[in-house]
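Worksheet: the structure to be examined is printed underneath.
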Amino acid sequence: MIKSWITIFDVALAGRVSFISDSILDATGWHPEELIGKSAYDFTHPEDFANLTKIHQIYVTKQVMSTLVSCRFKTKNDGYIRVESVIHYSYDHLVASTYILDRHSLDHKLRLNTVDEIFDCLPGGSLQRVGTWQISQDMRRNNLHDQYNSGTISDEHEKRCHLILNRFSDLFYIVYASKYAKDMVGDHITKGASVFDLIHPDDSNSIRVQLNLAKKHNIVVKLRFRPMKEMYPSLDGIVSSSNDGLLLVLRPLHMTLMR
């Protein structure tokens, strides 16, 4: 299995790390506590820094559900390794599953086809943006500079929450829930409960299949379910996977009546 880990950092441009999982030690030599409170971008290559902060503002202002970003990450021995991160916007935090990049792996190729946006920080300071189905029309109309400086980007941020799930259990126990999780699924959400305790029984089997698919290939999977407590009629979700667990981001499902 390719080395991978989870990071949670804030939406402010500094991107200060509030949590990072244990597998970063094996991958980079850094102990998690050495990164807590520091900017995630302080551990990237200087040539990538400006592009990463620009991308940061794009996926915060556009509230992108899943962005795949590749860059160079600094190891403790002062070397660099190329990594790719699936980054999810989750209201007051950004959450990421990060992998050692292997462009020939099946998992990498599957990730390319399951995210909303793709950015590749290239040597020399160049930035390559790759369109996906969701943004292909948008890319025809605008370039990266236009979107970064556009006054049309909405400042209204929707409430979202994120969970870390135990990947080593078929019940996908909740290891961590962000502070807005109760607003999404109700007061009954607790650490150590199964994620299926939150999901309507009629939707449990399909969600189980989707979570296992994400776990098997470390890919991004979009899902939708009715919560047990009807805070909202349905929730949209997106899940990514790492060696240390599954990241699940939830938001209310927006429905419009068409006549």
Side-chain angles (χ1 to χ4, degrees), residues 1-7 9 11-17 20-21 23-30 32 34-35 38-62 64 66-89 94-136 138-140 142-150 217-220 240 242-243:
M1 180 182 290
I2 292 176
K3 296 174 182 176
S4 58
W5 62 92
I6 293 170
T7 308
F9 50 106
V11 295
L13 197 55
R16 298 199 179 278
V17 176
I20 196 158
S21 63
S23 287
I24 192 172
L25 174 61
D26 188 36
T28 69
W30 296 109
E34 295 179 282
L35 281 75
K38 298 180 181 177
S39 170
Y41 304 123
D42 288 344
F43 295 86
T44 59
H45 194 282
E47 287 184 348
D48 298 340
F49 181 85
N51 285 327
L52 290 171
T53 54
K54 183 179 291 187
I55 295 167
H56 178 110
Q57 181 149 337
I58 290 171
Y59 50 59
V60 170
T61 54
K62 292 177 64 180
V64 181
S66 61
T67 305
L68 184 65
V69 181
S70 69
C71 66
R72 289 163 288 182
F73 193 91
K74 187 177 182 179
T75 62
K76 194 166 184 179
N77 64 4
D78 289 328
Y80 289 91
I81 54 174
R82 182 157 284 277
V83 301
E84 61 178 357
S85 296
V86 175
I87 301 173
H88 309 292
Y89 168 77
L94 298 168
V95 295
S97 297
T98 299
Y99 316 87
I100 303 296
L101 179 57
D102 178 1
R103 296 190 189 274
H104 301 290
S105 72
L106 175 61
D107 291 1
H108 165 73
K109 294 175 180 178
L110 291 173
R111 281 192 290 272
L112 291 177
N113 291 293
T114 53
V115 296
D116 296 321
E117 293 189 289
I118 303 167
F119 293 98
D120 196 355
C121 295
L122 303 176
S126 299
L127 179 64
Q128 178 174 275
R129 183 183 187 187
V130 180
T132 61
W133 288 104
Q134 292 88 341
I135 64 168
S136 57
D138 183 49
M139 285 186 64
R140 291 190 184 98
N142 304 287
N143 61 35
L144 180 60
H145 183 269
D146 291 337
Q147 291 194 29
Y148 180 65
N149 292 284
S150 171
H217 291 292
N218 283 340
I219 61 172
V220 177
S240 61
S242 76
N243 293 358

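- Aromatic ring orientation, W30 versus F43: perpendicular (interplanar angle above 60°, classes split at 30° and 60°).
- Here the side chains of L94 and Y89 are in contact, with some heavy-atom distance below 4.5 Å.
- Between H56 and Y41, the ring planes are perpendicular. Angles over 60° get that label, and only those under 30° would be called parallel.
- In this structure, K109 has no salt bridge (charged side-chain N to carboxylate O under 4.0 Å, His left out) partners at least two apart in sequence or on a different chain.
- In summary, of the residues considered (V83, D26, N243, L25), a side chain to side chain contact (heavy atoms under 4.5 Å, CB included) with W5 occurs for V83 alone.
- Minimum heavy-atom separation, C121 to R82: O-NH2, 2.9 Å.
- In terms of heavy atoms, N218 sits closest to Y99 at O-OH, 3.5 Å.
- Annotation: the span from I118 atom CD1 to S66 atom OG amounts to 9.5 Å, rounded to 0.5 Å.
- In plain terms, the two heavy atoms of S85 and A96 that are nearest each other are CB-CB, 4.5 Å.
- N51 places a side-chain N or O within 3.5 Å of a backbone atom of G125 that can act as its donor or acceptor partner.
- Ion pairing between D116 and K62 fails under the 4.0 Å rule for side-chain N and carboxylate O.
- Of the N and O atoms on the side chains of S105 and D107, not one donor lies less than 3.5 Å from an acceptor on the other residue.
- Taking the side chain as every heavy atom from C-beta outward, F73 and I24 approach each other to under 4.5 Å.
- Looking at every heavy atom in both residues, E34 comes nearest to G29 through OE1-O, 4.2 Å.
- Under the 4.5 Å side-chain criterion, counting only non-hydrogen atoms from C-beta, L35 is not in contact with T7.
- Between V115 and the options V69, T67, L68, V64, a side chain to side chain contact (heavy atoms under 4.5 Å, CB included) holds for only L68.
- Once rounded to the nearest 0.5 Å, the distance linking NZ of K3 with OG of S242 reads 14.5 Å.
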*With side-chain contact (heavy atoms from CB on, under 4.5 Å) as the test, would you mind laying out the steps for D102 and H108 before giving the verdict?*
CA-CA 7 Å; D102 178 1; H108 165 73; 5.7 Å; no
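- What you find for F9 and G15 is that their closest heavy atoms are CB-O, 3.6 Å.
- Sorted by first and then second residue, the pairs that involve residues 41-53 and meet salt bridge (Lys or Arg N to Asp or Glu O under 4.0 Å), not counting sequence neighbours, are E47-R72, D48-R72.
- In this structure, I81 and A27 approach most closely via the heavy-atom pair CD1-O, 3.8 Å.
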